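Here the structure is laid out as structure tokens; the discussion comes afterwards.
Every heavy atom of this structure was used, including side-chain atoms; hydrogens, water molecules and symmetry mates were not. Here the structure is a predicted model, which means the values were calculated and not measured.
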Amino acid sequence: MLASLTIRDVVLIERLELGFRPGLCVLTGETGAGKSILLDALGLALGMRAESGLVRQGAEQAVVTAEFALPADHPARRLLVEQGLDAGEDALVLRRVLAADGRSRAFVNDQPVSVGLLRQLGELLVEIEGQFAQRGLLDAATHREALDTYADTAGALERLGAAWCEWRAARHARAGAEERLARARADEAYLRHALDELDALKPQTGDEQRLAESRGFLQQRERLGEALEAALLELAGDRGAERAVNSALRPLERLRDKLGDRLDPAVNALERAATELREAIAQVEMALRDLGPAGQSLEQLEERLFALRALARKHNVGVDALAALRDEIAAKVGALDDSGSEIKKLQRREAEARNDYVAVAGKLGETRRAAAGALDAAVAKELKPLKLDKARFQTMVTALPEVEWNEAGAERVHFEVQTNPGAPPGPLAKIASGGELARFLLALKVVLARGLSARTLVFDEVDSGIGGAVAAAVGERLHRLGASLQVLVVTHSPQVAAKGTHHWRVAKRQAASKTLTTVAELSAAERQEEIARMLSGSTITAEARAAAASLMGGARP
């Protein structure tokens, strides 16, 4: 509820601090005293449109602060948490600063916020009802939620939301599969050609590295083989070193016996050389054998490596990704060959999910239509005492085309009124006059009171054009609302004022060279005097005081 309202430099208000309590709070005063200024100031704190004309003449800025006492689980606190702001644990304080040039700033618990967020919070905290209201039940977008709250459909809505999510997921899965299949069919010739190319090369992960290493080896193998063969030719060929050493050794060995040990060093050296040469030849021959047969030629290996690299560039992937690409393309071709059996499975799943949604939505629709009849009857009972007995209120529950179904159901809900017999029904805000509109909204609020998210209601012009028993009926219903909600009403009706739990009087006073608006909370005696003034005018008579006492005697404590 609204706990306090602090206003500084707004039109005729220099500085004003008001504390509010639960129940029916009435504000009275002579015409032009400034009652509307209070509503304008409250609207400013709630994020409504700001105009520079609201700043008091001579002041640099206007400041309005509204403090609310809220439970910990109030939707306004949840909204702040969703926006990453501190929701606090105690009071929630909204503040708006309006400069003389029309610029404004908004704060929540001293945290700067956008005016848009301030407006969202305001809609959750306070509803202002009257001929100039723009929110609440005048907005057809709120009518479904109002009917659902009246019908207590929270459980059904939760089940419907789950069914809707399941259906939507199934629909998206089916649509995605169909889209992929359509693209695959459009590219079928390309896919099959690409698969043939990949299958011809049979790419494997790691092919590029293995082929590059083999290529490097083959390039060195040819050079090494040539070097070994040349060395072997020089060592063991017809004119090689082995033959030369043996040729030199033979004549010396023939002369060795004749010359004694003179030739031993030379013969020994040549024999050692012959032995080393034979070892060298054996090692070269072994190296040649280790090279093995030629096998795959360098040309063949390079042909495969370059073909793999060219195919990878064609598909804009790495060579090692070709194997996975082949499997992916094969899967697409397989899906084509499978004639869309996956899609048929997804279509069945979607149909089942839709049937589940339709079943839950159908039951919810029945509940809404039954509740609509009960709501219409309850509102009709409230209209007669409010001098709207010729008017007709109707809750329209209209089936939506399937393309507009959503998590909230398969029907649209809106309220219509017919103010006179024979006149066409229409939207509440367009058909009812100012006073009628306020009384229609009052009747609706009385019926829907238990489901209202905003715990503070403000009524303006609710007593326009009425008096006597009708005004008393209005006051009685406002008092009933005040039993469960905080209700603020600006009124000119003594019958309404007499039903208040708390009473403030708005007045003008002259202070030096300026006119100021003041607001004072009234005691019981002061209340009687104010209601007597409302009954008799500027001259308060004993009869007016007695009538005021009589009216107040009917007021509930």
With a 4.5 Å limit on heavy-atom distance, are the side chains of Val447 and Lys381 in contact? no
Heavy-atom count check: over 12 atoms from other residues, nucleotides or ligands less than 6.0 Å from Gln57 CD? no
Rounded to the nearest 0.5 Å, the CZ atom of Arg105 sits from the CG atom of Leu118 at a distance of 13.0 Å
Exam field: side chain Thr491 to backbone Val496, donor-acceptor pair closer than 3.5 Å: no
Nearest 0.5 Å, please: how far is CG in Asp40 from CZ in Arg49? 12.5 Å
Could you tell me whether the side chain of Phe459 reaches within less than 4.5 Å of the side chain of Leu488, counting heavy atoms only? no
Heavy-atom donor-acceptor pair, His503 side chain to Arg527 backbone, under 3.5 Å: no
Separation of Arg119 CZ from Leu124 CG (nearest 0.5 Å): 13.0 Å
Carboxylate-amine/guanidinium proximity below 4.0 Å for Asp376 and Arg392: no
Taking atom NZ of Lys390 and atom OG1 of Thr419, what is their separation to the nearest 0.5 Å? 11.0 Å
Spell out, as yes or no, whether a donor-acceptor pair under 3.5 Å connects the side chain of Asn109 to the backbone of Gln111. no
Has the side chain of Lys35 got a donor or acceptor atom that lies under 3.5 Å from a matching backbone atom of Leu27? no
Steps toward side chain to side chain contact (heavy atoms under 4.5 Å, CB included) verdict (Met396, His143): CA-CA 10 Å; Met396 306 298 295; His143 294 176; over 6 Å; no
Exam field: side chain Tyr357 to backbone Asn406, donor-acceptor pair closer than 3.5 Å: yes
Is it true that Glu529 and Arg505 have a side-chain N and a carboxylate O under 4.0 angstrom from each other? no
Is the charged tip of Arg171 near the ring of Trp164: under 6.0 Å from the six-membered ring centre and within 45° of its axis? yes
Run the side chain to side chain contact (heavy atoms under 4.5 Å, CB included) test on Arg477 and Leu386 for me, step by step, so that the C-alpha distance in whole Å, both residues' side-chain angles and the decisive distance to 0.1 Å come before the verdict. CA-CA 9 Å; Arg477 278 147 183 79; Leu386 297 175; 3.8 Å; yes
Working note: Leu125 + His74, criterion side chain to side chain contact (heavy atoms under 4.5 Å, CB included); need CA distance, chi angles, decisive distance, verdict. CA-CA 9 Å; Leu125 296 168; His74 193 279; 3.8 Å; yes
Quick one: closest heavy-atom pair of Val64 and Ala45, and the distance? CG1-CB, 3.8 Å
Answer yes or no: is there a side-chain heavy-atom contact under 4.5 Å between Leu117 and Leu85? yes
Please name all residues satisfying side chain to side chain donor-acceptor pair (under 3.5 Å) with Arg21, sequence neighbours left out, ordered by chain then number. His502, Glu521
With side chains defined as the heavy atoms from C-beta onward, is the minimum distance between Leu79 and Leu121 less than 4.5 Å? yes
Can you name the closest pair of heavy atoms from Val26 and Gly500 and give their distance? CG1-CA, 4.0 Å
Heavy atoms, side chains only, cut-off 4.5 Å: are Asp148 and Val413 in contact? no
Min side-chain heavy-atom separation Trp405-Leu400 under 4.5 Å: yes
Evaluate the side chain to side chain contact (heavy atoms under 4.5 Å, CB included) criterion for residues Val93 and Asp110: first the C-alpha distance (whole Å), next the side-chain angles of each, then the deciding distance (0.1 Å), finally the verdict. CA-CA 8 Å; Val93 181; Asp110 289 329; over 6 Å; no
So CZ of Arg95 and CD of Glu67: to nearest 0.5 Å the spacing works out to 12.5 Å
With sequence neighbours left out, what residues match Phe393 under ring-ring contact (aromatic ring centres under 6.0 Å, His included)? Phe415
Testing the basics here: between Ala372 and Val397, what is the closest heavy-atom pair and its distance to 0.1 Å? CB-CG2, 4.0 Å
Any donor and acceptor pair, going by atom type alone, linking the side chain of Arg545 with main-chain N or O of Gln528 inside 3.5 Å? no
Smallest separation among heavy atoms of Ala391 and Phe440, with atom names: CB-CZ, 3.5 Å
Taking only residues two or more places apart in sequence, or in another chain, which ones meet Pro112 in a side-chain contact (heavy atoms from CB on, under 4.5 Å)? Phe107
Kindly state each residue pair satisfying ring-ring contact (aromatic ring centres under 6.0 Å, His included) with at least one member in residues 38-60, sequence neighbours excluded. none
Taking all heavy atoms of Ala76 and all of Leu70, pick out the closest pair and write down the distance. CB-CD1, 4.3 Å
When you compare the side chains of Glu411 and Thr398, does any donor N or O come within less than 3.5 Å of an acceptor on the partner? no
Do Val474 and Gln495 have side chains that approach each other closer than 4.5 Å (heavy atoms only, starting at C-beta)? no
Contacts table for residues 10-20: side-chain donor-acceptor under 3.5 angstrom, sequence neighbours left out:
from	atom 1	to	atom 2	distance (Å)
Glu14	OE2	Lys514	NZ	2.7
Arg15	NH2	Glu17	OE2	3.4

With the threshold set at 4.0 Å, does a side-chain nitrogen-carboxylate oxygen contact exist between Glu530 and Arg533? yes
With distance as the sole criterion, is a donor-acceptor pair present between the side chains of Ser104 and Arg96 under 3.5 Å? yes
For Ser523, enumerate each residue passing the side chain to side chain donor-acceptor pair (under 3.5 Å) test, keeping only those at least two apart in sequence or located in another chain. Glu526
For the student: nearest non-hydrogen atoms of Ala410 and Ala361, plus distance: CB-CB, 4.5 Å
For the side chain of Arg77 and the backbone of Ala87, is there at least one donor-acceptor N/O pair under 3.5 Å apart? yes
Once you round to the nearest 0.5 Å, how far does CG of Leu44 lie from CD1 of Ile37? 13.0 Å
Kindly say whether Asp73 contributes a backbone atom to a donor-acceptor pair with the side chain of Arg78 at under 3.5 angstrom? yes
Does Ser550 use its side chain to pair, donor to acceptor, with the backbone of Ala546 at less than 3.5 Å? no
CG/Asp389: more than 12 non-hydrogen atoms of other groups inside 6.0 Å: yes
Taking atom CD of Glu402 as the centre, report whether more than 12 heavy atoms of other residues, nucleotides or ligands fall under 6.0 Å from it. yes
Are Val108 and Leu80 close enough that some pair of their side-chain heavy atoms sits under 4.5 Å apart? yes
Would Arg480 and Glu476 pass as an ion pair if we require N to O under 4.0 Å? no
